[in-house]
Amino acid sequence: MSSLALIGIAILIIIGGLLLGAYIQYAFLAAAFFLVGTLGYKTSFMLTYGYSVVNSIVLLCVPLFIAVGLLMNQSGIGKSLVEFVSIFVGRAKCGLAVVAVVASAAFGSIAGSSLATLSCIGTIMKPRCAEAGYDRGFTAALVSCACPLGLLIPPSAHMVLYSWAGRQSLLACFLATVGPGLMLVFMLSLCSYFMLRNNPNIKVNEKIPLPQLLTLARKRTGSAIPALMMPFIVLGGIYGGFFTPTEAAAVAVLYTIPVGFFVYKKLTLRNLYDTLVETAASTGVIMVMIFCIMILSRIYIMEDLPSMITEHLKNFSDNKYVILLCTNVILLIIGMIMDDTSAILLCAPIFIPILEEFGVHPVHFAAIMGVNIGIGVLTPPTAPSLYFGSNVMKVEVAEMLPTTLKLLVFAWLPTLMAVTYIPALALWLPDTLLGGIM
């Protein structure tokens with residue numbers, strides 16, 4: 001039997017395992033050992049390779065950014081960000097919706113985690129939106145669709161994994177997703193405006209006299225500054241050459257703890273302990289997942305799967321834009337059946353050499369993958385953000401689906417098409433700030 005047929009069987013093993021409810025890392029490990037046994041690789045070699053890729057100082061960023069996200073969630077920072085954003089749009093009919101979107105982007109840029117963003121901003125916005133007359137299904141769907149902004153607005157743990165798996169500059173990958181992230185903030189806000197403008201049930205805030213508004217703005221701005229400083233410290237430190245990405249993640253943790261204890265005064269020793277335990281548990285799961293997926297990915301590369309896919313794509317079309325469309329379809333399907341971490345670890349090393357053959361820069365692909373993964377975490381059957389949002393907001397998924405589908409079609413998909421076919425949206429910022437990456 002040909003290696004391509006065996007790889008196909010391995011893919012069916014993964015899909016079958018997921019459908020049967022197996023943990024995703026074990027589904028990948030089963031597929032890897034199937035290929036090891038049938039293709040004649042030494043088990044000791046593959047296990048040694050898995051250990052070598054996990055034994056990387058860059059991956060220390062992952063538990064550190066997880067800890068930052070959890071600490072931010074416990075520290076009361078989300079509330080200060082929501083109140084800060086509401087100064088500017090609080091009186092518009094769609095004001096709270098825009099507040100939810102912008103606050104999700106701001107919190108995501110600090111926490112670097114979509115689920116931490118959803119947990120924090122969703123908990124804060126739920127009573128506020130209910131009091132203002134928002135439909136609870138709309139609120140839950142909007143916050144769930146905005147929380148993947150944490151995948152795009154840097155620093156992002158997912159871009160750490162992409163840059164590591166694809167051997168790309170981490171800072172370039174961070175900067176590549178800023179443009180799509182900002183476009184998505186605008187598109188989600190615009191969709192909210194059109195969906196809410198004729199809703200008679202929504203109440204708006206009463207007008208505040210200018211002197212009181214200025215006093216309130218000064219107070220809320222002062223409260224939000226310590227939170228907003230964190231991404232500037234991390235990115236500025238990396239870009240300025242003061243520390244490496246791993247050191248920047250450690251600095252972020254050391255910055256977050258005193259801010260939570262002494263500035264916002266919501267962080268306690270008990271919360272800190274619980275956060276460290278949860279960080280350790282999450283890191284363990286991710287590291288086992290990385291170990292299993294990278295073994296399988298290595299086998300695919302050794303069997304020259306990227307070249308096989310490239311030849312098939314060339315036979316189908318040699319047009320770069322058609323190839324990008326096919327890639328997006330494949331990534332969307334993968335995102336629907338896998339979690340975000342698994343999809344990035346599996347796809348980055350396989351698709352980067354394929355797309356480079358067609359003239360697509362790996363940093364451009366970082367932005368494409370970031371948006372695709374954002375859509376994937378919102379699309380059933382996996383849809384972790386959708387189901388987690390349902391749990392946080394105490395709303396049935398069926399109530400969220402109509403709004404979710406509208407936001408996917410009119411906000412997320414246009415952003416995906418824009419970042420795919422307008423490379424400057426992803427490449428302009430890293431090309432400008434990093435002195436040219438092309």
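This is a predicted model, so every value here is computed, not measured.
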State, yes or no, whether a side-chain contact exists between Asn271 and Leu71 at a heavy-atom distance under 4.5 Å.
no

Atom OH of Tyr193 with >12 non-hydrogen neighbours under 6.0 angstrom
no

For Glu399, all residues meeting salt bridge (charged side-chain N to carboxylate O under 4.0 Å, His left out), sequence neighbours excluded:
Arg136

Could you name each residue pair satisfying salt bridge (charged side-chain N to carboxylate O under 4.0 Å, His left out) that touches residues 347-358, not counting sequence neighbours?
Lys314-Glu357

Sequence-distant partners of Val288, side chain to side chain contact (heavy atoms under 4.5 Å, CB included), two or more places apart
Gln25, Cys292

Val160 versus Phe174: any side-chain heavy-atom pair under 4.5 Å?
yes

Counting distance only, does the side-chain N/O of Gln168 pair as donor-acceptor with the main-chain N or O of Gly166 below 3.5 Å?
yes

Starting from the C-alpha separation in whole Å, work towards a yes-or-no answer on side-chain contact (heavy atoms from CB on, under 4.5 Å) for Ser144 and Thr404.
CA-CA 8 Å; Ser144 297; Thr404 300; 5.8 Å; no

How about Ser282 and Glu278: do any of their side-chain heavy atoms sit closer than 4.5 Å?
yes

With under 30° as parallel and over 60° as perpendicular, where do the rings of Phe138 and Tyr134 fit, or are they tilted in between?
tilted

Any side-chain heavy atom of Met125 sitting closer than 4.5 Å to one from Leu142?
no

Worked verdict on Leu401 versus Leu386 for side-chain contact (heavy atoms from CB on, under 4.5 Å):
CA-CA 9 Å; Leu401 277 177; Leu386 198 62; 4.0 Å; yes

Check step by step if side-chain contact (heavy atoms from CB on, under 4.5 Å) holds for Phe33 and Ile295.
CA-CA 9 Å; Phe33 276 108; Ile295 289 176; 6.0 Å; no

Where do Lys320 and Gly359 come nearest, in terms of heavy atoms and distance?
NZ-O, 4.0 Å

For residues Val253 and Ala67, report the shortest heavy-atom separation together with the two atoms involved.
CG2-CB, 4.3 Å

Note, Lys126 side chain near Thr139 side chain (heavy atom, < 4.5 Å):
no

Backbone N/O of Thr279 and side chain of Thr283: donor-acceptor pair under 3.5 Å:
yes

For Leu345 and Ala165, work out which heavy atoms get closest and say how close.
CD2-CB, 4.4 Å

Residue pairs passing the ring-ring contact (aromatic ring centres under 6.0 Å, His included) test with at least one member in residues 386-426, sequence neighbours excluded, are Tyr321-Tyr421

Residues that Asn328 engages under side chain to side chain contact (heavy atoms under 4.5 Å, CB included), provided they are two or more places apart
Ile368, Asn372, Leu416, Met417, Thr420

Taking C-beta and beyond as the side chain, do Met289 and Ser342 meet within less than 4.5 Å on heavy atoms?
yes

Under the rule for salt bridge (charged side-chain N to carboxylate O under 4.0 Å, His left out), what residues qualify as partners of Arg270, not counting sequence neighbours?
Asp274

Trp164 and Met294: which non-hydrogen atoms are nearest, and at how many Å?
CH2-CG, 3.9 Å

Apply side-chain contact (heavy atoms from CB on, under 4.5 Å) to residues Met400 and Ser390 and explain how you reach the verdict.
CA-CA 8 Å; Met400 301 167 60; Ser390 170; 3.8 Å; yes

With side-chain contact (heavy atoms from CB on, under 4.5 Å) as the test, pick out the partner of Val251 among Ile233, Leu64, Val68.
Ile233

Mind checking the CG-SG spacing from Leu184 to Cys191? Nearest 0.5 Å is all I need.
9.0 Å

Test item: Leu331 and Cys347 side chains (from C-beta on) under 4.5 Å apart, heavy atoms
yes

Say whether, by atom type as modelled, one donor and one acceptor occur between the side chain of His364 and the main chain of Val419 under 3.5 angstrom.
yes

Could you report the tightest heavy-atom contact between Pro430 and Val363, atom names first, then the distance?
CG-CG1, 4.2 Å

Minimum heavy-atom separation for Leu152 and Gly370, please, with both atom names.
CD2-C, 3.6 Å

If you measure from CG on Leu118 to OG on Ser104, what distance do you get to the nearest 0.5 Å?
8.0 Å

What I'd like to find out is whether the side chain of Leu346 reaches to under 4.5 Å of the side chain of Tyr300, using heavy atoms alone.
yes

